[in-house]
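Predicted model only: the values in this text are computed from it and were never measured. Numbers restart at 1 for each chain; the letters A, B, ... are given by sequence-line order, proteins then strands.
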Amino acid sequence: QQQVKQSPQSLIVQKGGISIINCAYENTAFDYFPWYQQFPGKGPALLIAIRPDVSEKKEGRFTISFNKSAKQFSLHIMDSQPGDSATYFCAASVKTSGSRLTFGEGTQLTVNP
Amino acid sequence: NAGVMQNPRHLVRRRGQEARLRCSPMKGHSHVYWYRQLPEEGLKFMVYLQKENIIDESGMPKERFSAEFPKEGPSILRIQQVVRGDSAAYFCASSPYTRDEQYFGPGTRLTVT
């Protein structure tokens with residue numbers, strides 16, 4: 001029940017295209033959903049996050065869409081650039097449990113020039 | 001404002017030795033989390049600490065692993081009698097009081113030979 005399932009495992013997109021990564025969860029107590037970006041040899045960097053009281057959040061080229069009834073959320077990267085090539089992780093947490101993050105398995109994104 | 005600092009960045013230990021990983025949270029952050037990332041896998045929660053207190057250690061292996069966050073100084077993750085299966089990247093994250101956002105350090109890559 002604590003799992004977060006992420007897909008696809010890998011994604012190849014052309015420069016300028018839209019990258020879409022999906023996550024699904026079971027635990028309805030989750031109340032915070034961040035996305036992290038990780039480059040090889042580096043730590044995860046917080047990209048954008050959403051709470052279940054909104055259905056969409058946009059920051060620059062990055063948008064989170066949230067569907068509470070389906071228990072799904074997704075990351076959209078508009079106008080994808082080669083510099084976006086990285087591994088993306090979705091995560092979820094429950095504030096009352098100390099906010100420990102449960103991560104998805106990760107998506108390796110490659111943006112071709 | 002310096003980010004989360006971890007040292008050493010790389011650590012090589014022989015089987016049976018002890019590994020000590022250090023984490024200094026961001027200034028003003030009193031919550032520290034440790035995560036482990038095995039090769040080609042996502043991040044798994046290990047332990048959540050506040051100053052002088054272990055809040056949640058449900059992700060920590062029962063034996064050989066311990067963590068502390070003293071009143072003064074960095075948080076320490078200690079692995080006794082390391083085995084090859086302990087080879088992984090260990091990340092520390094910190095967050096401000098009462099907020100969910102966790103900011104990760106660059107990680108310590110432990111190799112057990």
Of the backbone (N, CA, C, O) and the side chain (C-beta and beyond), which part of [X] lies under 4.5 Å from a heavy atom of chain B, both, or neither?
| X | value |
| --- | --- |
| A:Pro34 | neither |
| A:Gln38 | side chain |
| A:Leu101 | both |

Ring centres under 6.0 Å, that's the criterion: do [X] and [Y] meet it?
| X | Y | result |
| --- | --- | --- |
| B:Phe104 | B:Tyr35 | yes |
| A:Phe33 | A:Phe73 | yes |
| B:His31 | B:Tyr48 | yes |

Quiz item: Would you say B:Tyr103 and B:Glu101 make side-chain contact, with heavy atoms under 4.5 Å?
Solution: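 A side-chain contact under 4.5 Å exists here.
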Quiz item: So which part of B:Gln37 gets closer than 4.5 Å to some heavy atom of chain A, the side chain, the backbone, both or neither?
Solution: side chain
